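These notes are about the structure you will find just below.
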Amino acid sequence: MRFKFSILALLLEVIIIVLFGIFVEYDNSDASQTLYPLFQDVHVMIFVGFGFLMTFLKKYGFSSVGINMLIAAFGLQWGTLMQGFWHMKGGKIHVDVKSMINADFSTATALISFGAVLGKTSPVQMLILTILEITIFACNEHLVTEVLQATDVGASMTIHAFGAYFGLAVTLVLYRPGLKNKHENEESTYHSDIFAMIGTLFLWLFWPSFNSAIASETIYQIKAIVNTYYSLAACTVVTFALSSLVDQRGKFSMVLIQNATLAGGVAVGTCADLSIHPFVAMCIGSIAGIVSVLGYHFLTPLLASKLNIQDTCGVHNLHGLPGILGGIAGIIVTAVKEEVRQGVRFTPGMQAAALGSSIGIALAGGALTGGILKLPFLGQASDQNCFDDSVYWEVPEEEKQHEIHSNNYDEHSRFEATM
Amino acid sequence: MRFKFSILALLLEVIIIVLFGIFVEYDNSDASQTLYPLFQDVHVMIFVGFGFLMTFLKKYGFSSVGINMLIAAFGLQWGTLMQGFWHMKGGKIHVDVKSMINADFSTATALISFGAVLGKTSPVQMLILTILEITIFACNEHLVTEVLQATDVGASMTIHAFGAYFGLAVTLVLYRPGLKNKHENEESTYHSDIFAMIGTLFLWLFWPSFNSAIASETIYQIKAIVNTYYSLAACTVVTFALSSLVDQRGKFSMVLIQNATLAGGVAVGTCADLSIHPFVAMCIGSIAGIVSVLGYHFLTPLLASKLNIQDTCGVHNLHGLPGILGGIAGIIVTAVKEEVRQGVRFTPGMQAAALGSSIGIALAGGALTGGILKLPFLGQASDQNCFDDSVYWEVPEEEKQHEIHSNNYDEHSRFEATM
Amino acid sequence: MRFKFSILALLLEVIIIVLFGIFVEYDNSDASQTLYPLFQDVHVMIFVGFGFLMTFLKKYGFSSVGINMLIAAFGLQWGTLMQGFWHMKGGKIHVDVKSMINADFSTATALISFGAVLGKTSPVQMLILTILEITIFACNEHLVTEVLQATDVGASMTIHAFGAYFGLAVTLVLYRPGLKNKHENEESTYHSDIFAMIGTLFLWLFWPSFNSAIASETIYQIKAIVNTYYSLAACTVVTFALSSLVDQRGKFSMVLIQNATLAGGVAVGTCADLSIHPFVAMCIGSIAGIVSVLGYHFLTPLLASKLNIQDTCGVHNLHGLPGILGGIAGIIVTAVKEEVRQGVRFTPGMQAAALGSSIGIALAGGALTGGILKLPFLGQASDQNCFDDSVYWEVPEEEKQHEIHSNNYDEHSRFEATM
């Protein structure tokens, strides 16, 4: 069993290196140096932000931060190729800091989908998901930006909505009736919740960089930075207010603070670099906070019980609904006010088409991917082994008081890990 | 009870958005792009630095990092308005990366004061404190920089001393005799102390950005960076030495390493961008380390027992005394050597006036604010519920061995949370 | 006993400040501002990256992150002087952002060596090691870059191999037969392993900045960034694959993921800014991953049992072997293709001499240093007190279930700390 993952990963890496040898060249653009700090912010978001945001589960921290790293490191290479094939010059893919930003972006889709299936899939399954999702993402992104010529500077539609609905389709296909009742490991501990806040904060802080990194000119970059800054701030205050409001005893919920505070960054993405006025950005952020809190509180339990969609991290509320909201905001803004970037005038029709295509292709691609991941020889973990690092990781034996748990670990280890 | 916080927060957010709609416009300054990396460093300091620095308490990590985020996200919006009203052009407040840096700065005052009252105030009280403190801060800052024309590039006086003495005045007015004997929750655990080091390090590392971000020219920015870098390094070595020296068994104390190592950044702030010579910066840092260690070791217990000033995080030693030291350094430096910035010659008299006004206004403002926070309908937590997240947060039930604690949680939850 | 550390540290700080007063001046180079974001990335690597990477031990987190901070803060001052003495202009050392990057770099050597002796040395010993190692490092660096005129932009040889073999020589001289059988504290816990991942990720993310920071021109800087980015990505995928492959049950090992994923950054260092083509960078990264995993799995136990080299963090596998690999890659690349930088043509002969000198001087310097650290009045901790923070730190008493441990702490505290 241990060879399945190793051989697949090594094989893929060899293929990628060969493709890099054939197709990839250095580009030496002048803009690279000023973009580099933005790249680093995005880079931190992908590896620390997404990775630690998912460490909230009490026994799944190694996988959250570790498999997140694996997916991202693998995905950025694959993404370089998939996005590069759409923009070859002289038969070559040119890489520079801007293409590195785009490569990091492409991994975000797979990481968002990882959040939906967190705790229920194997590393082998995640490698396959990453290949398929990034390939399909690159096609949809090309469709949205080049064919439809829609604007989506912060990728509300092409990354957030796409990644969320792709992941939801996968988790629907991989539905596990045995997890209908909450799994005993599907909980946080006091310290795992604080680890998750590391992820939340680095995402929150660097989101202005995410939304502005690929803006076409400095002036639009600054607009995207300002809009995202205020959208997130407003979203955060509203999230705290609603978190208290929806709780019977008026207490804050860490799940909401960790996640819904970020919805403002997602929702303002599509029109971040447009001249929407800071107060409109704050309205978008506030609405995103409301939608996200209500989603976590009312919708997620409903989706799980009625529609068999088991969304571990609630990506629907953090990326799905706010992503749609961002798409709608883009439609309204381009309908109200003419905006031109590099000779292209954005139209509400094309914005709507972009939103529709992103969701539609994500759902279809996710369903297809889910079907492939279900193939029996990929070896899923049993329901009982879900949300447990010890299936795929050497886990340290804790001190005496944890004896009962470490017995569990020993039990697992009698079997080969199912990778 | 749960409606008090929610409605206040939502109401304030609506007011802020309306004011933004009326007054706030984009500014498109050229300097924005080169300032952006400095802004991001400051941004990390405010949310990760301050937030995690306060996670040292064993049962107050959610509030430390969470309420810190709330205050900062709310405060940066309020700060944009309060600072902006002093610098309107054509009846409009113009926002860009520089104003975002200043907005983040303004929240630092409230976060420093939060450190003084940590564990003893409700989220409602903290929202009110934030509004009042940032408003008063913006007035004092205007007085110091525009009226008195004093220099304070790293804000030793206007942020650090101001925030500390404001907080100390608040905590004095809110004095709780019931906490005279150390509360059982007012302790750290092994891991909470390591979480706090995340805060310490990100503050320490990015402090050169804090002290240089609003310097008027690149050459002065570099001076501020160099001076802060060496001041902090010297302060750190001295702090370790003194931490061992003041302990009976020669052991290091985490409280001192987490906090006093940062005093060098505070103290060099006022004259960071002046040509003071690196070795002078190191002397300032070393003295700050000594003052801060002695403050934590001897003064804080004395303030609590004799003067009824209960300073949870010891902000007096990290921000108060080093802030005064910075102000004094500024007086001496401007007396010894003529320094001119943008046509203004700094004088020791004006520097002294700036220091006096910062402390005086902070004490008066803090006392006033403390009086308001004491109003009975704001509903303070009981002494026994201090330093305990479970009063305001859903806290995960820990594993079996924590049964006694989770029983406590259940007990709390029989009552409505007092927010 | 408590005075030994305090007086040494204060004395050294006074000496350094005096030397700064005599020799150090501001430099006002134009390049400083664009370098500053790279400096900050390196700065985070040194303090957060190295510091947290070593927090994996269950009872040694305070020392890992705390003494790391002490060494780095002290070392960067000493490094400024030692490197500066080789490049004085008019009898003065000029400091700016570039010299700060170099000062941070110089501390990395001592921090790598700290990894080899982690848990077995006192703060006094570490101060002495830092002085000696940085002094010797500055000489070897001068030899490599100025005399031999070899290229080593990412310092695979002069920092990584140097720091590793210096540390290995020290730990060999300080060999403790009593630690032949694994010490009960030489283990991680679930959360300490997650803390260590904070270190891993910030090192991994900012490594492109490390390898490009001192490149001579923007175009070479971008090359170094791109090469390091892809080298690390390939290394990470290969590390995951091999980690599973070498484990009997196919499980991932946190030690490998925390460390071997970084080997690609080390190994690509020497030729990072050369036109090696991205796919060659990925090959170097992949080989580094393989070498590092095999080193951790097979070589480290062998070194400990057969050669009496007790390498706590396995720096030989993360810095030593990949550093040599980087040196060899440099020899091959300069042999295959002519590369000129600032009028200097690199030759394979000089590259080989640079590699040899780095390792040779490190081994000799480390052996000498180890001999000095063994002097009896420096007071080493007993074998039984190794890997235990409570010897040098006030450690919080944990909750009831840890009673047995806190009894141990009390026992220690009956004696003076041996510093």
Side-chain angles (χ1 to χ4, degrees), chain A residues 34 37-38 40-41 58 187-195 197-198 200-202 204-206 208-209 218-219 221-223 225-226 229-230 232-238 240-245 247-255 257 261 275 277-280 282-283 286 401-402 404-405, chain B residues 1-7 9-10 12-13 16-18 20-21 24-26 28-30 32-33 36-37 40 43-44 47-48 51-52 55 59 61-62 65-66 69-70 73-74 76-77 80 95-97 100 123 191 195 198 391-401 413 415-417 419:
Chain A
T34 56
L38 297 177
Q40 276 298 1
D41 293 350
K58 68 178 174 186
E187 288 179 346
S188 63
T189 63
Y190 193 66
H191 279 169
S192 72
D193 267 330
I194 295 181
F195 277 121
M197 282 303 289
I198 297 174
T200 299
L201 287 176
F202 279 105
W204 198 94
L205 292 166
F206 292 155
S209 302
T218 303
I219 184 173
Q221 220 155 24
I222 305 294
K223 279 213 171 72
I225 287 167
V226 168
Y229 180 72
Y230 287 111
L232 282 166
C235 176
T236 300
V237 174
V238 169
F240 270 90
L242 260 80
S243 176
S244 169
L245 196 63
D247 186 74
Q248 280 186 323
R249 290 162 299 160
K251 295 189 182 187
F252 301 128
S253 148
M254 272 307 242
V255 172
I257 304 309
T261 51
S275 300
H277 211 278
F279 90 92
V280 175
M282 294 160 90
C283 291
S286 300
Q401 74 274 15
H402 288 186
I404 309 147
H405 298 106
Chain B
M1 287 291 180
R2 84 202 223 205
F3 300 112
K4 217 180 267 179
F5 171 79
S6 312
I7 288 168
L10 288 176
L12 288 170
E13 188 58 48
I16 286 175
I17 292 179
V18 170
F20 262 70
V24 176
E25 277 294 345
Y26 300 111
N28 302 308
S29 86
D30 289 330
S32 276
Q33 209 183 17
Y36 186 64
Q40 275 298 0
H43 212 35
V44 170
F47 285 83
V48 174
F52 273 89
T55 56
K59 288 186 176 182
F62 288 9
V65 78
M69 188 187 187
L70 171 66
F74 173 72
L76 68 88
Q77 301 173 64
T80 302
V95 292
D96 61 358
V97 174
M100 285 160 59
H191 279 170
F195 277 120
I198 297 174
V391 180
Y392 304 114
W393 295 83
E394 301 283 345
V395 173
E397 296 206 25
E398 298 287 300
E399 299 105 81
K400 277 160 230 90
Q401 74 273 16
S413 53
F415 308 97
E416 294 276 274
M419 312 180 91

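Given the structure is predicted, the values throughout are model-derived calculations rather than measurements. Proteins come first, then strands; the chains are lettered A, B, ... in the order of their sequence lines, and each starts at number 1.
The minimum heavy-atom distance between B/Glu13 and A/Ala234, with the atom names listed, is OE2-CB, 3.3 Å. Of all the heavy atoms in B/Val24 and A/His277, the pair that sits closest is O-CE1, 2.9 Å. Contact detail for B/Pro396 and A/Thr189: the closest heavy-atom pair is CG-C, 3.5 Å. When all heavy atoms are compared, the tightest approach of B/Ser6 to A/Ala241 is OG-O, 3.1 Å.
The shortest distance between side-chain heavy atoms of B/Leu12 and A/Val237 does not fall below 4.5 Å. The closest side-chain heavy-atom distance from A/Met197 to B/Thr55 is not below 4.5 Å.
With hydrogens and angles disregarded, a donor-acceptor distance shorter than 3.5 Å links the side chain of A/Tyr190 to the backbone of B/Gly61. Between the side chain of B/Tyr36 and the backbone N or O of A/Ser209 there is at least one donor-acceptor pair closer than 3.5 Å. Counting only distance, with no hydrogens or angles, the side chain of B/Gln40 and the backbone of A/Asp41 share no donor-acceptor pair below 3.5 Å.
Note: B/Trp393 CH2 to A/Met254 CE = 5.0 Å, rounded to the nearest 0.5 Å. Distance CD/B/Gln77 to OH/A/Tyr229: 9.0 Å, rounded to 0.5 Å. Note that the CD1 atom of B/Ile198 and the CD1 atom of A/Ile198 stand 3.5 Å from one another [nearest 0.5 Å]. Between B/Met69 atom CE and A/Leu201 atom CG the span is 5.5 Å, to the nearest 0.5 Å. Remark: A/Tyr230 OH to B/Leu76 CG distance equals 6.5 Å, nearest 0.5 Å. The CD1 atom of A/Ile222 lies 12.0 Å from the OH atom of B/Tyr26; values are rounded to the nearest 0.5 Å.
The aromatic rings of A/His191 and B/Phe195 sit perpendicular, their planes meeting at an angle over 60°, well past the 30° parallel limit. Classification of the A/Trp204-B/Phe47 ring pair by plane angle, with boundaries at 30° and 60°, yields tilted.
Per-residue heavy-atom pair counts under 4.5 Å with chain A were compared for B/Phe74, B/Phe52, B/Phe20, and the maximum is reached by B/Phe20.
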For this session: Assess whether side-chain contact (heavy atoms from CB on, under 4.5 Å) is satisfied between B/Leu10 and A/Leu242, documenting all intermediate values.
Result: CA-CA 9 Å; B/Leu10 288 176; A/Leu242 260 80; 4.1 Å; yes

